[in-house]
Amino acid sequence: MEKESIAVGLDIGTTKIVAMIGKKNEYGKLEILGVGKSKSLGVARGVVNNITQTIQSIQQAVHEAEVDSGYKIKDVVVGIAGQHIRSIQHSDYISRSNPEEVISENDIDLLINQVHKLAMLPGEEIIHVLPQEFKIDGQAEIKEPIGMYGGRLESSFHVVVGQASSIRNVGRCIKSSGLDLSGLTLEPLASADAVLSQEEKEAGVALIDIGGGTTDLAIFKDGIIRHTAVIPFGGNVITDDIKEGCSIIEKQAELLKVKFGSAWPGENKDNEIVSIPGLRGREPKEISLKNLSKIIHARVVEIIDQVFTEIKSYGHEDPRKKLIAGIVLTGGGAQLKHIKQLVEYITGMDTRIGYPNEHLAGNSDEEISSPLYATAVGLVMNSIRNNTTSAVPFNQTEVEKVVPVQMQQKEAVAETNHYEEEIIEEEVPKKVEQAKTVSTEGRMKKSFFDKYIDKIKEFLDNAE
């Protein structure tokens, strides 16, 4: 019997860390087996700034997901975000020695390796190289060059670049939590997988993922990723403004935002007031909902303006680059009341809220189909594509003695090196077998992705 492929995604956000275990059911939909969630300590604006706290938060989320699902997690696909992420457009070509031979996978690998040698700013590394279109001897708009004849093979690439130290810190946290890193994906790309349809990607769409610490943007046109950006503001900045503007504590500010907040101040009447308990026996505080909405509105307008500037820099006003499907909002910030109407008002583009339920099995928990979990669902889908078995069922003896999380960490760190060697040896033949059937786009993503993961593993091993 074929081994069941169980996938695990780990979304390390600024406000929460989510570990999600899932598998494909017989209808090709994603069945979520378990979810673990913990408050994210040690992460600010998508970047790890306290290793110890981040490890503890990861372990808590992973432990919850394991208990919820009855599976033991071995490795995870992790989302990368943060203000250090930037993207560039790059074109490159190779001249083939024998134009009479058909273009093969080796030619494409050669072109990929050439892009990989691009000179980056100090401390930066390439995370993703996403192919756009190929040109063969001047013939443009070729999506699949393998099997064609030609002397000059050219392609345009969307290259995503990030700070090497930030990425290695994430790798260190994963390894110290007793897990293996099986994949790295840019968070806006994971969210896009979860909430966008292929039709939208073809027509042209901008995905805006409003998280706690960052707002991520991914633009698609003709089914190809055209632009990505990470804006270093999110829902937490709105909470901070409410805290300062109303002179209340953060917990109360967050509750006010979620329960009574609106991005459109016109709808609240002047006499609508909410009362907040005072601290340590002090008088309760009365807050006008109109003022609350004004504070939220000002900050949301600033975030949307920055995103719209990025959309314009992609060239949205050019008729050929027009985004016919408009904007899709997702992430926790998309749950803010009237944000859809405000985005439509500022940008003049059609807008909808993106829920990840299109890819989920019918019996999925309602909570999981919230925009809040879009990135985690996308990461699980990414893990499924890698075809790994990232989690195995606990057998009876293991269930009886579920090891405390801290002990798991110590044992796992000691075993990781040995375990990594085994995994790498096992996977090599599989990759060779699969190579024949993988498309050019798939190969590009895979080859870069494999090199990058190996690089990080090597760095972590040497660091010890």
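Remark: the backbone N or O of Q163 is paired with a side-chain donor or acceptor of H84 at under 3.5 angstrom. At distances below 3.5 Å, at least one donor-acceptor pair connects side-chain atoms of T351 with backbone N or O atoms of M349. Counting only distance, with no hydrogens or angles, the side chain of Q132 and the backbone of I225 share a donor-acceptor pair below 3.5 Å. For S370 (side chain) and E366 (main-chain N/O), no donor-acceptor pair under 3.5 Å exists by modelled atom type. A donor-acceptor pair is defined here as one N or O able to donate and one able to accept, closer than 3.5 Å; such a pair exists between the side chain of S177 and the backbone of C173. Proximity of a side-chain donor or acceptor of S87 to a complementary backbone N or O of T228 within less than 3.5 Å is detected. Between the D365 side chain and the E367 main chain, a donor and an acceptor come within less than 3.5 Å of each other. With hydrogens and angles disregarded, a donor-acceptor distance shorter than 3.5 Å links the side chain of T14 to the backbone of G46. The main-chain N or O of L360 is never found under 3.5 Å from a side-chain atom of N357 such that the two would form a donor-acceptor pair. Looking at N113, its side chain never comes within 3.5 Å of a backbone N or O of L110 through a donor-acceptor pair.
Closest approach of K39 and S57 over heavy atoms only: O-OG, 3.1 Å. Between T214 and G82, the shortest heavy-atom contact is CG2-CA, 4.1 Å. Nearest approach of V8 to V380, heavy atoms of both residues: C-CG2, 4.5 Å. D75 and S390 make their closest contact through OD1-OG, 2.7 Å (heavy atoms, listed as atom of the first residue, atom of the second, distance). The shortest heavy-atom contact between I353 and I339 is CD1-CG2, 4.4 Å. Across Y355 and S369, no two heavy atoms sit closer than the pair CD2-O, 3.3 Å.
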Salt bridge (Lys or Arg N to Asp or Glu O under 4.0 Å) evaluation trace for E133 with R226: CA-CA 11 Å; E133 281 132 340; R226 301 292 182 182; 3.5 Å; yes

Full working for side-chain contact (heavy atoms from CB on, under 4.5 Å) between V205 and L323: CA-CA 5 Å; V205 67; L323 304 177; 5.9 Å; no

Full working for side-chain contact (heavy atoms from CB on, under 4.5 Å) between V343 and L329: CA-CA 9 Å; V343 172; L329 292 171; 3.8 Å; yes

R352 and E200: CA distance, side-chain angles, deciding distance, salt bridge (Lys or Arg N to Asp or Glu O under 4.0 Å) verdict: CA-CA 12 Å; R352 75 171 177 90; E200 284 176 317; 2.9 Å; yes

From CA spacing to verdict: side-chain contact (heavy atoms from CB on, under 4.5 Å), M20, I368: CA-CA 10 Å; M20 194 178 270; I368 295 163; 3.9 Å; yes

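The 12-atom threshold is not exceeded at NZ of K135, counting heavy atoms of other residues, nucleotides or ligands nearer than 6.0 Å. The 12-atom threshold is exceeded at CD of Q114, counting heavy atoms of other residues, nucleotides or ligands nearer than 6.0 Å. When the shell of 6.0 Å around NZ of K29 is examined, it contains more than 12 heavy atoms from other residues, nucleotides or ligands. The number of heavy atoms from other shown groups lying within 6.0 Å of CD (Q198) is above 12.
With hydrogens and angles left out, the side-chain atoms of E254 and T239 include a donor and acceptor closer than 3.5 Å. If you check the side chains of T185 and N382, you find a donor sitting under 3.5 Å from an acceptor. S5 and T389 are not linked by any side-chain donor-acceptor pair at a separation below 3.5 angstrom, with hydrogens and angles left out of the test. Judged by distance alone, the side chains of D92 and H90 do bring a donor and an acceptor atom under 3.5 Å apart.
Between D193 and K201 there is a salt bridge, since at least one side-chain N of the basic residue sits less than 4.0 Å from a carboxylate O of the acidic one. The pair E66-K72 meets the salt-bridge criterion, since a charged nitrogen lies less than 4.0 angstrom from a carboxylate oxygen. In this structure, E154 pairs ionically with R152, as a charged nitrogen and a carboxylate oxygen lie closer than 4.0 Å. Between E202 and K221 there is no salt bridge, since none of the side-chain N atoms of the basic residue sits less than 4.0 Å from a carboxylate O of the acidic one. Taking 4.0 Å as the cut-off between side-chain N and carboxylate O, E125 and R168 count as a salt-bridged pair. Between K74 and D180, none of the side-chain N atoms (NZ, or NE/NH1/NH2) sits under 4.0 Å from a carboxylate O, so this pair counts as no salt bridge.
Residues I231 and R45 fail the side-chain proximity criterion, which asks for heavy atoms closer than 4.5 Å. You'll find the side chain of I167 reaches within 4.5 Å of the side chain of I127, heavy atoms only. Looking only at side-chain heavy atoms (C-beta outward), D209 and P188 stay at 4.5 Å or farther from each other.
In this structure, K321 is positioned above the aromatic face of Y314, its NZ or CZ under 6.0 Å from the six-membered ring centre and within 45° of the axis.
With sequence neighbours left out, E244 forms a salt bridge (charged side-chain N to carboxylate O under 4.0 Å, His left out) with no residue at all.
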